[in-house]
Amino acid sequence: GGARRLPTLERCRRGATVLEEAMLRAQKGAEVVVVNAASASQVGGGFLTGGRHALEEALCMQTTLYLSLRARAHDAQSKDSSYGPWEHIPEGHAVASPGVQVHRDSTRL
């Protein structure tokens, strides 16, 4: 077989949210990855506490991301008791959440 084509990085269209852009591209057949600078100390950022509604909170509100992050946090704490009660992303690491499903559109007007 031929060489695998490397993925391209593209920015969102002006005025589109990250999730809106990801959904549009997925509907056109693209393989999509959304990168989020998540809170390392609070699963889902302020999603459960009504805190600041930044990207992580919006993604948790509109998708199954929170469930994935919560499962990863539980796994991390089970494997290493030195983690704090909500520390789920060690410094210098990342969490992959494949298969996150969108269940709600943006609430933007």
Side-chain angles (χ1 to χ4, degrees):
R4 183 170 177 176
R5 194 173 136 224
L6 294 175
T8 58
L9 297 175
E10 297 180 33
R11 290 201 247 183
C12 292
R13 293 168 290 126
R14 186 174 201 91
T17 68
V18 171
L19 193 53
E20 288 168 345
E21 189 70 22
M23 289 172 49
L24 176 68
R25 292 177 191 214
Q27 290 168 351
K28 291 181 177 180
E31 291 182 340
V32 178
V33 174
V34 172
V35 178
N36 170 48
S39 169
S41 60
Q42 189 171 358
V43 177
F47 168 64
L48 290 181
T49 60
R52 194 184 81 168
H53 289 285
L55 180 58
E56 183 173 14
E57 291 82 1
L59 290 172
C60 287
M61 192 178 309
Q62 295 174 254
T63 71
T64 59
L65 177 62
Y66 178 76
L67 299 174
S68 175
L69 294 175
R70 189 176 69 183
R72 298 302 185 283
H74 182 268
D75 291 348
Q77 290 167 0
S78 297
K79 292 176 184 168
D80 186 346
S81 62
S82 68
Y83 282 113
W86 285 100
E87 184 180 25
H88 65 286
I89 306 175
E91 188 173 328
H93 290 77
V95 173
S97 295
V100 169
Q101 298 176 1
V102 176
H103 55 76
R104 173 180 182 177
D105 285 338
S106 171
T107 57
R108 292 185 320 141
L109 296 176

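Worth knowing before you read on, the calculation uses all heavy atoms, side chains too, and leaves out hydrogens, waters and symmetry mates.
With sequence neighbours excluded, the residues satisfying side chain to side chain donor-acceptor pair (under 3.5 Å) with S97 are S68. Qualifying side chain to side chain contact (heavy atoms under 4.5 Å, CB included) partners for A26, counting only residues two or more places apart in sequence or in other chains: V32.
T64 places no side-chain N or O within 3.5 Å of a backbone atom of L67 that could act as its donor or acceptor partner.
To the nearest 0.5 Å, atoms CD (E57) and CG (L48) are separated by 10.0 Å. L59 contributes atom CG, which lies 9.5 Å from atom CG of L69 (distance to the nearest 0.5 angstrom). Taking OG1 of T63 as the reference point, atom NE2 of H103 lies at 5.5 Å (rounded to 0.5 Å). To the nearest 0.5 angstrom, T17 atom OG1 is 6.5 Å from Q62 atom CD.
The shortest side-chain heavy-atom distance between F47 and M61 falls under the 4.5 Å cut-off.
Taking both residues in full, the closest heavy atoms of R72 and P98 are given as NH2-CD, 3.7 Å, listed atom of the first, atom of the second, then distance. Nearest heavy atoms, A16 versus E21: CB-OE1, 3.8 Å. Contact detail for L55 and V35: the closest heavy-atom pair is CD2-O, 4.0 Å. Contact detail for Q42 and E56: the closest heavy-atom pair is O-OE2, 4.3 Å.
Side-chain heavy-atom separations under 4.5 angstrom define the hydrophobic clusters, and L24 shares its cluster with no other residue.
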